[in-house]
Amino acid sequence: MFLPCNGPIDLGHTLGSGQTFRWRREDDAHVGILGENIFRVWESDGGVEFESSPAPPEKTAERLRSYLRLEDDIDSFYQAVADDPRLSVATGAYRGLRLARQDPWECLVTFVISSYSNIKRITKHVAEISEAFGDQVKSHDGVYTFPGPARLAEVPEREFRRMGLGYRARFLTRVAEQVLQLPHGLMPYRQASYIDAKQALLSFFGVGDKVADCVLAFSLDQSRAFPIDVWVRRAVQEWYFAGDPVSDRDIRQWAFEHFGEYASYAQQYLFHRRRVDG
DNA sequence: AACCAGGTCCGAT
DNA sequence: ATCGGACATGGT
């Protein structure tokens, strides 16, 4: 089934730029799990083509469309930063890199795990958690859904430690318990203000500024979130502040003034650029 | 063999 | 408010 896209889309950059960790290349397509269904997606003229199972494409199209943010007018972002020479290099190189709209819970767990780790290891841990605690997707051996907060809340911390999660094990157990206390889960924060949503996330044990901003940018539609990790810190410091040391607080302030509602997109391009090309 | 990785928490200034 | 050290583990 075909889905049109507003502007360019590059699945390799979108799904392989360190925002999502459960997609894999398979021939010329990308295969991943959204909710209870497995998707196979590839680029097609003016959009993407996809298959899904066990639910058929007619039933899952909206989920994929939303996930890939096909409605985003990405060209207006490119225009907005056209006068920024550093960012223009990245938008030129990674044209079609989109932010994904992930499930907030899965995104939260993923980035709690990400703390002081690396992409390869994060990918491994997310896969292990799905296999160990998720449900098998119907008629797809070895393919698992992502376990919900109720399931992870009942996993003893020592099991997470056995998986090699280290000190993050405690974070995971606590975060699951805390999310379980929310009457309507994390979804309502899509409608909340950036400030309110961030404050809520920061109240979770194991969630600081960086992880909170990742969840806000990659799952909660908070376009002014600007996650600052080691790579982005270096990029901003060297490319925009002449190498002078800058506090995270100042970077956040600067990012909002400089990029406004495009901050989340700008961050992902800067991150990818810095991580891939140094 | 030190050093680093999409950080956060906590106690001491 | 801000700063340093501790925290687990695996890869260069």
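A note on names: the letters A, B, ... follow the listed sequences, proteins ahead of strands, and every chain is numbered from 1. As the structure is a prediction and not an experimental result, all values here were calculated from the model.
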Tell me the interatomic distance from [X], atom [atom1], to [N], atom [atom2], rounded to whole angstroms.
X: A/F205; N: B/dG7; atom1: CZ; atom2: P; result: 17 Å
X: A/R174; N: B/dC9; atom1: CZ; atom2: P; result: 9 Å
X: A/F171; N: B/dC10; atom1: CZ; atom2: C1'; result: 11 Å
X: A/L108; N: B/dT8; atom1: CG; atom2: P; result: 11 Å

Give me the atom names and distance for the closest heavy-atom approach of [X] to [Y].
X: A/S114; Y: A/K210; result: OG-NZ, 4.2 Å
X: A/A100; Y: A/Q19; result: N-OE1, 3.0 Å
X: A/S53; Y: A/H140; result: OG-NE2, 2.9 Å
X: A/A192; Y: A/Q222; result: O-NE2, 2.9 Å

Which residue, A/S117 or A/L202, contacts DNA chain B at a nucleotide closer to its 5' end, judged by nearest heavy atom?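 Whichever sits nearer the 5' end wins; that is A/S117.
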So which one's nearest nucleotide on DNA chain B is more toward 5', A/G206 or A/F218?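 With A/F218 and A/G206 compared, the 5'-side residue is A/F218.
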Contacting residues from residues 12-21 of chain A, given that a heavy atom lies under 4.0 angstrom of DNA chain B: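 Here the set is A/S17, A/G18, A/Q19.
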Would you call A/D213 and A/R224 a salt bridge, using N to O less than 4.0 angstrom?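 No, this pair does not count.
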A/D10 bridged to A/R98 by N-O distance under 4.0 Å: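 So A/D10 does not pair with A/R98 through a salt bridge.
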Would you mind classifying the nucleic acid contact of A/F204 as base, sugar-phosphate or nothing, using non-hydrogen atoms under 4.0 angstrom?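 It contacts sugar-phosphate atoms only.
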Under 4.0 angstrom, heavy atoms only, what part of the nucleic acid is A/V112 near: base, sugar-phosphate, or nothing?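 Nothing: the residue A/V112, judged by heavy atoms under 4.0 Å, touches no strand.
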Do A/Y78 and A/Y269 have side-chain atoms, one donor and one acceptor, less than 3.5 Å apart?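 Yes, side-chain donor-acceptor contact under 3.5 Å.
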Can you pull out the residues from residues 224-252 of chain A that lie within a 4.0 Å heavy-atom distance of DNA chain C?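 Result for residues 224-252 of chain A: A/R249, sorted by number.
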Looking at side-chain heavy atoms only, is the closest gap between A/R275 and A/I119 below 4.5 Å?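 In contact.
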Roughly how many Å apart are C/dA8 and B/dG11, using the P atom of each and rounding to a whole number?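 Here B/dG11 and C/dA8 have their P atoms 15 Å from each other.
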For A/H258 and A/Y240, what are the C-alpha separation, side-chain angles and deciding distance, and is it a ring pair (Phe, Tyr, Trp, His ring centres under 6.0 Å)? CA-CA 11 Å; A/H258 200 63; A/Y240 296 93; 5.7 Å; yes
For the CG atom on A/D277, are there more than 12 heavy atoms of other groups (residues, nucleotides or ligands in this structure) within a distance under 6.0 Å?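 Yes, because the 6.0 Å sphere around CG of A/D277 holds more than 12 heavy atoms from other groups.
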Is the number of heavy atoms from other residues, nucleotides or ligands under 6.0 Å of A/R249 CZ greater than 12?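 No.
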Can you give one letter per nucleotide of nucleotides 6-12 of chain C, 5' to 3': B if a protein heavy atom sits under 4.0 Å from the base, S if only from the sugar-phosphate, - if neither? -BBB---
